[in-house]
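Encoded as structure tokens, the structure appears first; notes follow it.
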Amino acid sequence: MDRGRYGCVREDAADDDAVITAMRARELGRKSVVVGDRVALVGDTTAAPGALARIVRIAERTSVLRRTADDDDTTPEGRLERVVVANADQLVIVSALADPPPRTGFIDRCLVAAYDADIEPLLCLTKADLAGPAQVLDYYAELDLPYVLVAPDSDLTDLRERLADRISVLVGHSGVGKSTLVNRLVPDAERAVGRVSAIGKGRHTSTSAVALRLPRVQRKGDPGWIVDTPGIRSFGLAHVSAESLLHGFPDLIEGTLQDQPNCGHTAADIGCTLDAWVAAGKADPRRLASYRRLLASRAGEGDPREQPADEQAGA
Ligand SMILES: Nc1nc2c(ncn2[C@@H]2O[C@H](COP(=O)(O)OP(=O)(O)OP(=O)(O)O)[C@@H](O)[C@H]2O)c(=O)[nH]1
Ligand SMILES: [Mg+2]
Ligand SMILES: [Zn+2]
């Protein structure tokens with residue numbers, strides 16, 4: 001989208017991705033159009049220079065990935081909820097193994113958002129040429145979390161297969177290599193690639209989300225769609241209920257089944273069965289700590305300065 005103009009492509013014309021420029025029709029009312037939406041167009045749909053179509057209808061969304069703009073509960077903008085992308089089937093959580101370093105607190109937030117929106121997560125660990133994945137993978141050992149490793153010269157066949165037949169959205173901090181990866185997957189994409197800047201400094205190479213059709217490579221059938229998004233500093237979850245937060249921690253859920261009714265599962269909840277669960281070695285204490293940090297940040301108790309260095313900028 002650019003200044004009220006939306007780029008649309010025909011879903012039925014797999015080999016013709018001429019971009020039809022369209023604007024919202026008045027009858028849409030206040031409904032917003034987001035990346036991934038399936039829309040009905042009227043007017044000049046020729047994709048000729050200067051042609052302008054109108055979006056008259058938005059199809060019901062099969063999924064809605066949301067995030068709260070920031071975890072800043074103190075301002076109205078901080079609590080503003082945004083739709084990141086509509087109709088995504090898969091959330092590709094892109095994390096560099098170094099430069100910038102991986103932040104499991106951020107990945108955990110993305111997992112919560114994915115499970116909450118009923119979108120399958122895929123962990124994509126980039127810059128595998130700079131560091132190994134052992135630490136990150138160890139942290140997620142108890143989850144059936146699919147992952148792929150990406151290095152500059154790595155083979156992308158496995159990733160392409162995981163992207164086929166579906167709409168996948170890439171999310172991650174700025175500089176982790178989302179656009180670099182999109183350019184490898186879609187050679188015509190020409191997504192701008194930037195240098196890594198300090199997280200939180202507000203330098204983002206990609207400034208808007210774009211959906212791209214993946215090219216047919218050997219494989220028959222629909223290669224799928226990929227949505228590149230601008231880097232985000234945090235994945236705000238103020239829109240997710242405390243109850244739903246637990247869905248991002250499937251390794252902890254069983255530990256709550258015998259819990260006292262209405263337990264809040266925080267460190268202050270005396271007798272929370274999660275403590276015994278972790279003490280018995282049934283789950284990783286770091287996972288419980290991460291879950292409780294999320295609970296605390298939702299309750300507005302989170303003081304970023306009190307969190308371990310690993311979590312400061314990203315989680
Ligand atoms: N060593 C190494 N560098 C990489 C790799 N992938 C990307 N980079 C570099 O990382 C930097 C940032 O890459 P981008 O693709 O712009 O990152 P991005 O995630 O799209 O960043 P935003 O658009 O700001 O969100 C560039 O200098 C890339 O060349 C990789 O696998 N290994
Ligand atoms: Mg980018
Ligand atoms: Zn509890």
Side-chain angles (χ1 to χ4, degrees), residues 35 67 84-85 92-103 106-107 110 124-133 147-156 159 169-187 189-212 226-235 242-243 245-246 249 252-280 282-283 287-289 291-292 294-296 299 313-314:
V35 171
R67 72 180 186 96
V84 179
V85 62
V92 183
I93 305 163
V94 186
S95 171
L97 288 163
D99 190 30
R103 292 195 163 78
F106 176 83
I107 299 172
C110 294
C124 178
L125 299 170
T126 59
K127 310 201 187 186
D129 52 316
L130 302 181
Y147 72 92
V148 289
L149 290 179
V150 176
D153 52 355
S154 63
D155 180 45
L156 297 179
L159 177 58
V169 50
L170 302 179
V171 295
H173 289 313
S174 188
V176 295
K178 298 180 293 300
S179 299
T180 303
L181 184 58
V182 165
N183 285 337
R184 287 185 65 198
L185 290 165
V186 190
E190 295 174 355
R191 295 289 286 164
V193 167
R195 281 179 301 136
V196 176
S197 57
I199 289 167
K201 292 282 169 61
R203 288 223 288 136
H204 301 284
T205 305
S206 306
T207 52
S208 60
V210 172
L212 298 154
I226 191 143
V227 182
D228 187 15
T229 66
I232 51 175
R233 198 177 58 80
S234 73
F235 204 116
E243 194 60 37
L245 278 187
L246 194 55
F249 297 82
L252 299 180
I253 289 174
E254 211 187 319
T256 65
L257 298 182
Q258 309 294 326
D259 214 339
Q260 53 212 342
N262 305 322
C263 181
H265 308 315
T266 69
D269 285 289
I270 309 299
C272 174
T273 54
L274 280 174
D275 290 300
W277 185 254
V278 164
K282 301 241 175 88
R287 294 279 297 158
L288 178 56
Y291 171 54
R292 287 185 167 160
L294 273 183
L295 283 173

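Both counts, for ligands and for their atoms, begin at 1 and track the order of listing. Here the structure is a predicted model, which is why all the values come from computation and not from measurement.
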Problem set entry | Metal proximity, Ser174 vs the Mg ion (ligand 2), N/O/S cut-off 2.8 Å | no

For ligand 1, which is the ligand I care about here, please tell me if [X] has any N or O atom under 3.5 Å from one of the ligand's N or O atoms.
X: Thr126; value: no
X: Ala128; value: no
X: Gly231; value: yes
X: Asp228; value: no
X: Gly175; value: yes
X: Ser179; value: yes

For [Y], is there any backbone N or O sitting under 3.5 Å from a side-chain donor or acceptor partner on [X]?
X: Arg184; Y: Pro152; answer: yes
X: Arg287; Y: Val278; answer: no
X: Lys178; Y: Val94; answer: no
X: Thr126; Y: Gly177; answer: no

Seminar exercise, completed: Contact region, Asp129 to ligand 1, non-hydrogen atoms below 4.0 Å, reads side chain

For this session: Report the part of Leu130 in contact with ligand 1, treating N, CA, C, O as backbone and CB onward as side chain, heavy atoms under 4.0 Å; options are side chain, backbone, both, neither.
Result: side chain

For this session: Heavy-atom contacts with Val176 under 4.0 Å: which atoms of ligand 1 show up? List them by number with element.
Result: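 So the answer, numbered in order with elements, is 17 (O), 19 (O).
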
For this session: Mark up the atoms of ligand 1 that fall under 4.0 Å of a heavy atom belonging to Pro152, in ascending order.
Result: 30 (C), 31 (O), 32 (N)

Exercise. Quick one: angle Asp259 OD2 - the Zn ion (ligand 3) - His265 ND1, to the nearest 10°?
Worked result: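 Asp259 OD2 and His265 ND1 form an angle of 90° at the Zn ion (ligand 3).
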
Exercise. For ligand 1, is there an atom lying under 4.0 Å from some heavy atom of Gly172?
Worked result: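 It does not, in that no heavy atom of Gly172 comes within the 4.0 Å cut-off of ligand 1.
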
So do the side chains of [X] and [Y] get within less than 4.5 Å of each other, counting heavy atoms only?
X: Leu212; Y: Leu185; result: no
X: Leu149; Y: Ser154; result: no
X: Ile232; Y: Arg67; result: yes

Problem set entry | Asp269-Thr266 side chain donor-acceptor pair, cut-off 3.5 Å | yes

For this session: May I ask you to check whether over 12 heavy atoms, not counting those of Gln260, lie within 6.0 Å of atom CD?
Result: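 Yes, enclosed.
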
